[in-house]
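Okay, structure first, notes after.
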Amino acid sequence: MRSRAEGEPRWIQALALALTLAAIAWYGQHQLSRSLQFLYQVAVLIYPGLSSLLG
Amino acid sequence: MNELALRLALWLISALFVLALAFIIARQLRSGSMTLDLVAFAVISLVVITAHGLLLGLAGGTRASTFGLSSLAGLVLLGLWPRTRAELGQFPRLIRRGRKRTVDVYDRLPGWLRVFLLLGISLGAIRFAFLIWALPPFVWDALTYHLTNVAHWIQTGRIELFATPIIRIYTPANYEVLAAWFAVFLHHDAFVEAAGLPAYLIALAAAWSIARNLGCSPAASFLCIAGFATTPALLIAATGTKNDPHMAGYYLAVLAMLLHLLRNLHRLNARQVLNNLMVVTLTLLLAAGTKAYLIHLLPGVALLVLMAGRTSLRQLLQTTRSGLAQLDRTARLGLVGLGLIGLMLGGYWNVRNWLLTGNPFYPYGVEIQGADVFNAGDRTAQFSIQRLGANLELLRARFGDSAGPLEPDLPNVTGWGWFFYGLGLTAMLWALIRRRGFRLLFAAMTTSFLFMLFSIRPSAWNMRYLTWYPVVGAVAFGLWYDSLVSGGRWYRATFETLVVVTCSLNFAVTLNYGRVDTGSFALMLERPLWQRQAAILKLNMPEEYEHALVEVPDGATLGYDVGGDGFVYPLYRADFSQKLIYVPIESDLTCDRLADRARSVGADFLFVARGHSSDASVSRLEQCARETDRIVKRGRGVYAVQG
């Protein structure tokens, strides 16, 4: 089935982007460090100096 | 030939039989959509494995040799019968056609999306393979009852009930039969986590089909499934050895098939309509024997059908009748046979429970607005407004996943992740206003969602039943993405970047199930694959389980006493070699009588564990070890019984 290709007015696009960024910031305030925690652990294993580098 | 090679050969034969039979059946049930034909093929493969496993298991044949030999006989029959042989001859041509169509779609995608997809699929496959290979099962309910069933069946070679305080072994167990297929050939749990992967793939293919049916372009549909595929709750659950991802896959498959059927009724022929309905029925029956909460999801499915309107439904009925009339005798027999297999898978567990206990939903009861249908004390599922209120209040607290990490049991979080909250929510708001077709999907899925909240017990862990809901946000985003054509290159690129970022963050949090630290990985990786035991991985495991592993010698029988939510599975060991027997530690018995009781049932050792056995049992055994020389402490929680 073909997609609908019409666009949205500028103000809707601006509002959507603002809401999206706000939602990501809202979600990220609790989840960012948790999401990167394991990658950080692995990075420290590979390069032990990283923890002192990042304080 | 060494034993491992023989076991692998038997597994290969069984897999070939499953794929061949499923291919032949799926060819007779073509739906008019290539994606849904693949979904049907996957569902039918699971039906074949489960039906084969259930029949063999009930007859006492849950063994690699029985599976392998019966599969070999099946393959020979499929090869000898001209009609099935001719169908199998179509396989290479269909693979070529499928490959060509996939490559055509892929080649038309923008370059960045092609790279993103290739990278995502590769990393996803590596992640799955590594986690399955590196870690033993560790999720709570799996260690309590899902895998306890699997271990007992494989150890005894028979699907049966057995004496244990874990009464949840009575619950519908199609998933467990499937999981047993992943463990019986090697007689080991090394790859049992892979049993969730077919369900994960079914869920993704269904999401693709839903997105396409609601008008998303291929590029937008790929973004939709990328967003949904990385939903932490789903991704973590896929290899978590529980049955919830299967329910998510089956539910989404049913929605996708009905949506396809109702939106394309005008162009589908009578046979395709009938085929779609048959696969929907089979999927629902497979789901009914997997988890009883299918009933809670059905109102949303019914709403989707009813919203098609009276004219469409009348046309659907007429076309189905006409499809039935067109069937020849062999096809009718095949359909009846398939229906009977479906009824067996959908009904066996509940009928068994009804006959044994008088309650088909045992160990759970049912209460509707205060009226008992089947009473089971605090395990009674209540359908009530109060429950909806309590669950909505819990959802409010969990919304945004702020209360804790995203890990398998989803404690006080939804697990819906970065993509759903970051991009999906706004897109849903937009799509609800601007896309009529989306409103249909939203209404159906939200109805299922609310009916779940109407009835499930309010608890910290009940969001695992709702891992399918983020599809709503993913499809909404797909529709939104297609509307960005007039937004300018940078605007579109911003959203594309946000997709990559949110999916990557979702993926990052699931690399270790949000739970396993590097030390635990190291602990497992320093052991050979065959010695990676659930009892050793101390994420949620008291040390008593490892003591049992070390202290109880081969050939000895271990008597255990744990509560209704305690772990039994780790005691079986990864190769299901440990003989177990339930020995309740009764406080009114003298220590010598307790030792007599243990010996009389064949137990050489007794086992209790803090947090899994009652405090009274734990302290009683401690006391007995001090009072009598017939019960000798060998390590915390492990006692040898003498004399």
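Here is the naming used below: chain letters follow the sequence lines, and residue numbers restart at 1 for every chain.
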Turns out that what part of S221(B) lies under 4.5 Å from chain A's heavy atoms comes down to neither
Grab the two heavy atoms, one from E8(A) and one from W480(B), that are nearest each other, plus how far apart they are.
CG-CZ3, 4.1 Å
Which bit of V516(B) comes within less than 4.5 Å of chain A, counting heavy atoms only: side chain, backbone, both or neither?
backbone
Segment of A18(A) engaging chain B (4.5 angstrom heavy-atom cut-off)
neither
What's the shortest heavy-atom distance between A23(A) and G422(B), and which atoms?
CB-O, 3.8 Å
Comparing L19(A), V42(A), L17(A) against chain B, the one with the most heavy-atom pairs below 4.5 Å turns out to be L17(A)
Worked check of side-chain contact (heavy atoms from CB on, under 4.5 Å) between Q31(A) and Y421(B):
CA-CA 11 Å; Q31(A) 280 298 335; Y421(B) 285 108; over 6 Å; no
Pick from A219(B), A508(B), G400(B): which one has the most heavy-atom pairs with chain A under 4.5 Å?
G400(B)
Is chain A contacted by the side chain of D517(B), its backbone, both, or neither, given a heavy-atom distance below 4.5 Å?
both
With chain B, the option among R34(A), Q29(A), H30(A) that has the most non-hydrogen atom pairs under 4.5 Å is R34(A)
So with a 6.0 Å cut-off around CZ of R101(B), is the heavy-atom count from everything else above 12?
no
In terms of the angle between their ring planes, are F521(B) and F38(A) parallel, tilted or perpendicular, with boundaries placed at 30° and 60°?
tilted
Between P405(B), G478(B), G417(B), G514(B), the one whose heavy-atom pairs under 4.5 Å with chain A are most numerous:
G417(B)
Parallel, tilted or perpendicular: which fits the ring planes of W26(A) and F399(B), with parallel below 30° and perpendicular above 60°?
tilted
Shortest non-hydrogen separation from Y27(A) to D401(B) and the atoms involved
OH-OD2, 2.6 Å
Spacing of L511(B) atom CG and Q41(A) atom CD [to the nearest 0.5 Å]:
11.5 Å
Value rounded to 0.5 Å, distance of OG1 in T426(B) from CG in L15(A):
8.5 Å
Contact part of W430(B) toward chain A, heavy-atom cut-off under 4.5 Å: side chain, backbone, both or neither?
side chain
Could you check which of L32(A), V44(A), I12(A), L36(A) has the highest count of heavy-atom pairs closer than 4.5 Å to chain B?
L32(A)
T494(B) versus chain A, heavy atoms under 4.5 Å apart: side chain, backbone, both or neither?
side chain
To check you understand the geometry: which heavy-atom pair defines the closest contact between A16(A) and Y491(B), and what is its length?
CB-OH, 4.1 Å
4.5 Å side-chain heavy-atom contact, F495(B) and T20(A)
yes
Once rounded to the nearest 0.5 Å, what's the spacing between atom CD of Q37(A) and atom CG of N512(B)?
8.0 Å
